[in-house]
There are 2 protein chains.
Amino acid sequence: MTNTQQTAVPRQRPTMRDVAALSGVSLKTVSRVVNLEPGVSDDLTDRVRQAAEQLDYHPNLTASSLRRSDGKTQTIGLILEDVSNPFEAALHRRIEEVARERGVVVIAGSVDEDEVRERDLATALVARRVDGLIVMPTGHDQSYLAKEQRSGTPMVFVDRPPTFLDADAVLTANATGARIAIEHLLAHGHRRIGFLGDLPSISTAIERLTGYHDALDRAGISVDSALIRQALTASDQAEVAVAELLAAPDAPTAIFASQNLLTIGVVRALHHMGRQHEIALVGFDDLPLVDLLNPGVTLVLQDVAGLGTAAAEILFRRIDGDTGPSERMILPTTLVPKGSGEILGPYATSSTGTAS
Amino acid sequence: MTNTQQTAVPRQRPTMRDVAALSGVSLKTVSRVVNLEPGVSDDLTDRVRQAAEQLDYHPNLTASSLRRSDGKTQTIGLILEDVSNPFEAALHRRIEEVARERGVVVIAGSVDEDEVRERDLATALVARRVDGLIVMPTGHDQSYLAKEQRSGTPMVFVDRPPTFLDADAVLTANATGARIAIEHLLAHGHRRIGFLGDLPSISTAIERLTGYHDALDRAGISVDSALIRQALTASDQAEVAVAELLAAPDAPTAIFASQNLLTIGVVRALHHMGRQHEIALVGFDDLPLVDLLNPGVTLVLQDVAGLGTAAAEILFRRIDGDTGPSERMILPTTLVPKGSGEILGPYATSSTGTAS
DNA sequence: CTGAAAGCGCTTACAG
DNA sequence: CTGAAAGCGCTTACAG
């Protein structure tokens, strides 16, 4: 009756050997019962179960996967830029759900925009012999993963395609999404439309700029490079850029923010200037609470759930042995009018805006 | 010169044995070089390094941890309600950062509010022999973890304390935070203050209600249970609750939303009714973009970074062998006035509001 | 239906 | 300074 619970010495974890000894059978019989292999008599099955229960035996999956012929660890790796970014956290959740149905867990990690961290994390995951990898690439060269790929670690890229590597990828139709956003603004009577973009080293940033060009080209409007501001990575930079754009002569009457942090900066700038009902705005990517703003912010939404689910499903097909040629899946975007994108521009006609 | 790269058969991964054979040394010497153990001649070290490079050898951490005397997998588990919830995703990121400095990766999983999933995830993590566990508990009984704890898996609880289990916990001062929120509203001349709460089965929900009671008690105001709405789990429920509260005779002039989803519902309801400048509001937990609303929403913020960092640091102290009595760390909140909480109530005096 | 031996890829505990 | 043998906890490939 002494109170030794608090300072209990960590007992050794029981092993199959312990269960075998207690139930008076061989190791192999315990293994059969634990793995639900058929062909063990009811009597022995019961004895093993009771012994396992009594000892509180829990199988060691790492030992089992080491010996097992397929070598599966029932673990996959997920390389993100930042697990706490809402878009990526949503991606993570979808991937987790697909994995969970198969008894697989996910090791996720953040590499910011650091190529060295991307490689270090990949190494750490491979060292743990994950069954596969889902990567949102940061660096501009994923050829370092080719050896791993050939060694039998399947990998799927998400949101951004791999560079210098042939692998599956699940992407958003960034150019088309951006083009539709610009066409929406054109339809509402805007001709001078500002573009706010992220680092041009990020493939999605370039694709969205391409969509901007495409829309203007199709409309026969020449692109004015003074309206294009790139390499913006944070909302305060976007805020400054908007102030500058609107202060210039021949200022834009509408703005396209090609990433959610930049959209925040634009909203902030317009509200501070009190011009939120005058300058039209369409943003790329979701933003919470945006419908409570006045005006609401018109957004181009990616299919985050679709991206995550598809990436995970393709990965598991590969893990299951599919060796077909690499696949590229492109998911469409949706433009959701909320108010800011429907502000009429100087070229608006009486019929403008009825389409949306 | 045939193009076999595309259909390359997965080569077997090279092992230490392969490196030993190629460099003409023993397995043990390779192990010494790989683990940077001292006392290997420069000559052999070079030969081993070259062979490893040539074969593209990468050590198998799962095999090494199986044999290693400390048995560490350099992996920890994180049990959350939802990895995509902003509060939890931020927690995840902080924990990841602390882990990364030690070469440890994080397996995180979501259990929603499902006790069965909580146990299943814990089992999956233990099967992989994680070095420790950080848990945001969902169920109302964590005694099932006692055996794991005694078997030597350290664990730290975060955000919510464990039930029926003695373990470290890092928590927010929920009652105090709620009390300060109510005192803020009282100071601005409100006497009838609505309370919106989550499921009373969630400990933090109860603590925040306690803070509400405390503030009113201290002010000598009797609690009117008609103003208290509990078991609200989603923003639309909060929206309905606000409509009902404000429609009642002797309606509240201020509202305290004790959780971020509920705050969203209140904002939505007030904006729809056009009463956002009339009814005061303080919310618990962070909400993005809230400063762009009109009025901005006054919030009680938790120290998310502090919670995550502290939980991880305590866990690693335990993993390193600290066997001291279990610790409970309570982090303070911060009230950030943004406008909605400073709307004056019917009992406001001329000096009201100067304090904040 | 049951089990003894070997081995997954590595480290430990020795011996030389 | 180097290495041969044993073993971490389990599954494989047999044999009975």
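What's counted below: heavy atoms across the whole structure, side chains too, no hydrogens, waters or symmetry copies. Chain letters run A, B, ... following the sequence lines, proteins first, then strands; residues in each count from 1.
Between the P atom of C:dG9 and the CG atom of A:D70 lies a distance of 13 Å, rounded to the nearest Å. Remark: P of C:dT11 and CG of B:N60 are 10 Å apart, rounded to the nearest angstrom. Between the P atom of C:dT11 and the CG atom of B:L36 lies a distance of 11 Å, rounded to the nearest Å. Per the geometry, CZ belonging to A:R47 stands 16 Å off P belonging to C:dC1, to the nearest Å. Counting to the nearest Å, the C1' atom of D:dT2 and the CG atom of B:D42 are 15 Å from each other.
Between A:S41 and the phosphate of C:dC1, there is no side-chain N or O to OP1/OP2 separation shorter than 4.0 Å. Taking side-chain N and O atoms only, B:S69 has a distance below 4.0 Å to OP1 or OP2 of C:dT12. OP1 or OP2 of C:dG3 sits under 4.0 Å from a side-chain N or O of A:T29.
In summary, A:D166 and A:R150 do not engage in a salt bridge, as defined by a charged side-chain N under 4.0 Å from a carboxylate O.
Map B:R129 and B:T45 each onto its nearest nucleotide of DNA chain D; the residue landing nearer the 5' end is B:T45.
Within the 4.5 Å cutoff, the side chain of A:R13 has heavy atoms near those of the B:V126 side chain. In this structure, the side chains of A:V48 and A:V19 come closer than 4.5 Å at one or more pairs of heavy atoms.
Comparing C:dT11, D:dC10, C:dG9 by their closest approach to the side chain of B:N35 singles out C:dT11.
Note on B:V34: nothing from the nucleic acid sits closer than 4.0 angstrom, heavy atoms only. Nucleic acid contact for B:L44: sugar-phosphate only, since backbone atoms but no base atoms lie under 4.0 Å from a heavy atom of the residue.
Applying the salt bridge (Lys or Arg N to Asp or Glu O under 4.0 Å) test to A:D322 and every residue at least two apart in sequence or in another chain returns A:R317, A:R318. Among residues two or more places apart in sequence or in another chain, the salt bridge (Lys or Arg N to Asp or Glu O under 4.0 Å) test is passed with B:D70 by none. For the salt bridge (Lys or Arg N to Asp or Glu O under 4.0 Å) test, no residue two or more places apart in sequence or in another chain qualifies with B:E313. In this structure, A:R128 has no salt bridge (Lys or Arg N to Asp or Glu O under 4.0 Å) partners at least two apart in sequence or on a different chain.
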Give DNA chain D the dot-bracket treatment, 5' to 3': Watson-Crick (N1-N3 with N6-O4 or O6-N4) or G-U (N1-O2, O6-N3) under 3.5 Å, [ ] crossing, | other strand. |||.||||||||.|||

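A donor-acceptor contact closer than 3.5 angstrom links the side chains of B:T62 and B:N60.
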Restricting both atoms to N or O, compile the protein contacts to nucleotides 4-8 of chain C shorter than 3.5 Å, with distance only.
{"unit_1": "C:dG7", "atom_1": "N2", "unit_2": "A:R67", "atom_2": "NE", "d": "2.4"}
{"unit_1": "C:dG7", "atom_1": "N3", "unit_2": "A:R67", "atom_2": "NE", "d": "2.7"}
{"unit_1": "C:dC8", "atom_1": "O2", "unit_2": "A:R67", "atom_2": "N", "d": "3.4"}

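To the nearest 0.5 Å, atom CG of residue B:L171 and atom CZ of residue B:F157 are 10.5 Å apart.
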